[in-house]
Structures are given as structure tokens and as C-alpha cells.
Amino acid sequence: MSYTFYNYRRIDSSGELAVGNIEPIRRFSGCETEKSYIVGHVAAAQQTGEMVEASLEILRSAGSNDRRMFNKALKQYAGAMARVNGILSSTLKNTSEYASFRTFLSGCKDQPMFSNGVFFEGCSDASVGQRYLGVAQSSNPIASLSTHLFQLSQLSPRGTLPCADGVDSLRPENYRAFLSHIDVTSRKTNVQAYALHSAESSVEYMAALDQVLAYRYRQWANLRDSIPVQTASNKPAFRMYFDVQTRHIRDVAELVQRTRANTDAEMLAPADRLRAENIVHRAEMIRRSLNRILADSSEASPLPVSMIAY
């Protein structure tokens, strides 16, 4: 059962499902950040229907060589992702309390963060570390959809994306079937290459990746904030896991830069040319910052999520 999607109610039962009209049914740590986490993800999930619709249209139009609909669907997808990012940015401002309820989000089974399990006070045997699967993973479907739709899995070793870490295999069968369809069809139509065949499509593809970067950067920042709570024996394994995540986000930033380099700027309208340059500038900021962190073998430098003005 989901920690978020089965754990909320509308304050006004006749009102819309928006941030100001949602509250958790129960909390585990009780902190305000936990409430913001649940409310933010429930509100953000309202955009996923449009993302699914746009993703299917992206694949259909690429397969039928309908350039106008392809560009329109990319804009729709990027717009929905921008709203998701906006909701999460406004609700998840304080990550200092994140560790107090993190175990309820991602679980403690087969994770380097909890190599000895988690010890719960008041259990029948408090001396034995417990290893449970998470009960949320509420936002990773967005990351997984973007990964397979835009062919980002090929950026990572072994063709797998580090954010998933096997979680997708534990999801319902219909979810796995949908994700498989997106992955197979995206490869077949070669969405990435189709986007690069048109300057206008390239910019819309970059705009979508821009939002994916913002989304992944936020996830990465939450992971980064967990580093100080690691035990001395556990830090090396966690640092390796953290570096894998860091490299993937850096690679997505570099994909944005390569896309811009392969785009004929002379074919772009002035507004689109400026938009492309702004996207590349943000990607370069992320790439340089993450390269510095990967070069530092000690702790990660404190980079605020707000460093990128999306």
C-alpha cells in the first residue's frame, strides 16, 4: 500500500485535489516536512495522466512521421513535467527532516544506506535489524517513464537506470507492461534520432530533458542529504551508490548539450534560439557542479536545490 496515494484525504470533499485541499490521514514521524512530502506528491500525481497521454502521442507521431503532432506532444509532456516540478518545488522546500521518515519511503531492504537493517524500538526482538520494502516510491514512475520514453537508459552502464534499482520489477503487472511498451516502441521509432532531424523538434526535446533534469536533480539532492546520517562502515557503499546517481544526472546534462550542438541554430526562431541557450546554460551548471562532486572523494559539496532557477 502506498505511503502517499492511500494516505490522504480532501479537506473539502467537494473541492479539487490541490495542495491547499489535501492533508495526510496518518504520519509516521509527524514532522511538517513529512506532510509536505505526502501532499506534494499527491498533487503532482494529478499531472501524470497528461504525461501518459503525451508520451503515447510522442511515440505515435514519431512512428507516423507527423512532425507537427510530435512537437506538440513534446510541449505537452514538458509542460506537465514543469507543473510537477513546480508543485514539488513549492512543497518540498525543507529537506532537513527528510531522514526522519525516509525509511517509510524507500524501505530498508537491500539498500547500502541500511546495510545492517533498521532497528525498531519496542519490537519483539529489537536486537535484530529489520529489512522491509518501501511503501511509497511514489514519484519514481515519472522518472521511469521519462527514462524509457527519451531513451536515457542507454546513458547508464548495463543499460539500466540507477534510480530504479529493481523497484520497477516489484510494481503491478499492468505498470510493467506499459513501461515495457514505452521502452520497446521508443527504441523502435528512435525518438531521440527523430527529434534531432528537425531544429524545432530538437528544442522541444531539449525542453523536455530540461524538466527531467530538474526532477532528477531534486531526487539527487534528497539522496545527498542522507550522506551525513550514514555510519562510518556504511558510507563507502552508500557513496558508491550516490556516485552512480550523480554520473547519470551528469550524463543527461551532457545529452542536452550534445542535442544543442547537433541543432542548426540558423533554422530556429529567435525565441527558440534563446530558449535553447538558457536550457544549455542550466545543463552546464549542473554538469560542472556534479563533476566537482565526483572529483571529491570525501563528502559532497552542499549544493542547494534552488541553484537551478527552473
Side-chain angles (χ1 to χ4, degrees), residues 1-57 73 75-108 132-146 149 163-164 167-168 170-179 182 208 211-212 214-219 221-223 225-226 305-306 310:
M1 182 173 289
S2 173
Y3 173 74
T4 51
F5 300 134
Y6 288 87
N7 189 28
Y8 75 92
R9 72 177 187 89
R10 298 178 196 235
I11 299 172
D12 176 2
S13 59
S14 62
E16 63 180 1
L17 207 58
V19 171
N21 195 40
I22 301 170
E23 67 177 3
I25 296 173
R26 62 181 61 85
R27 303 188 207 180
F28 291 90
S29 76
C31 65
E32 191 63 22
T33 302
E34 182 183 30
K35 174 187 175 182
S36 298
Y37 182 95
I38 294 172
V39 169
H41 282 81
V42 171
Q46 302 310 299
Q47 308 301 322
T48 57
E50 187 172 356
M51 292 177 64
V52 168
E53 178 184 324
S55 67
L56 294 174
E57 183 56 43
K75 286 182 179 179
Q76 182 184 9
Y77 194 93
M81 283 246 17
R83 289 190 291 277
V84 167
N85 284 324
I87 291 169
L88 295 180
S89 292
S90 65
T91 55
L92 306 182
K93 295 180 179 179
N94 178 20
T95 61
S96 62
E97 299 172 316
Y98 182 68
S100 70
F101 60 96
R102 186 199 181 283
T103 52
F104 299 106
L105 305 183
S106 301
C108 51
Y132 299 118
L133 291 170
V135 291
Q137 299 293 355
S138 55
S139 59
N140 270 353
I142 294 177
S144 297
L145 174 59
S146 300
L149 178 62
C163 82
V167 171
D168 287 343
L170 303 174
R171 296 191 186 279
E173 184 178 351
N174 59 346
Y175 170 87
R176 299 198 305 270
F178 174 72
L179 206 60
I182 294 294
Q211 294 302 323
V212 173
Y215 186 88
R216 287 208 173 285
Y217 188 84
R218 182 176 297 100
Q219 289 185 317
N222 284 336
L223 186 66
D225 289 345
S226 299
V305 176
S306 59
Y310 286 97

Nearest heavy atoms of [X] and [Y], plus distance in Å:
{"X": "Gly20", "Y": "Ile11", "result": "O-CD1, 3.7 Å"}
{"X": "Val19", "Y": "Ala43", "result": "CG2-CB, 3.7 Å"}
{"X": "Glu57", "Y": "Ala73", "result": "CG-CB, 3.7 Å"}
{"X": "Val52", "Y": "Phe178", "result": "CG1-CZ, 3.9 Å"}
{"X": "Val84", "Y": "Ala44", "result": "CG2-O, 3.6 Å"}
{"X": "Tyr215", "Y": "Ile142", "result": "OH-CB, 3.7 Å"}

About how many Å separate [atom2] of [Y] and [atom1] of [X], when rounded to the nearest 0.5 Å?
{"X": "Met81", "Y": "Leu145", "atom1": "CE", "atom2": "CG", "result": "9.0 Å"}
{"X": "Glu23", "Y": "Ile38", "atom1": "CD", "atom2": "CD1", "result": "11.0 Å"}
{"X": "Leu17", "Y": "Ile22", "atom1": "CG", "atom2": "CD1", "result": "4.0 Å"}
{"X": "Arg218", "Y": "Asn85", "atom1": "CZ", "atom2": "CG", "result": "5.0 Å"}
{"X": "Ser146", "Y": "Ile182", "atom1": "OG", "atom2": "CD1", "result": "10.5 Å"}
{"X": "Leu149", "Y": "Leu56", "atom1": "CG", "atom2": "CG", "result": "9.0 Å"}

For Glu53, all residues meeting salt bridge (charged side-chain N to carboxylate O under 4.0 Å, His left out), sequence neighbours excluded: none

Partners meeting side chain to side chain contact (heavy atoms under 4.5 Å, CB included) with Ala54 (sequence neighbours left out): Gln76, Tyr77

Partner set under side chain to side chain contact (heavy atoms under 4.5 Å, CB included) for Arg27, not counting sequence neighbours: Pro24, Glu32, Glu34, Lys35

Output all residues satisfying side chain to side chain donor-acceptor pair (under 3.5 Å) with [X], sequence neighbours left out; order by chain, then residue number.
{"X": "Glu50", "value": "Arg83"}
{"X": "Asp12", "value": "Ser14"}
{"X": "Ser55", "value": "none"}
{"X": "Arg10", "value": "none"}

Pairs satisfying salt bridge (Lys or Arg N to Asp or Glu O under 4.0 Å), at least one member in residues 36-45, at least two apart: none

Beyond-backbone contact of Glu16 with Asn21, side-chain heavy atoms, under 4.5 angstrom: no

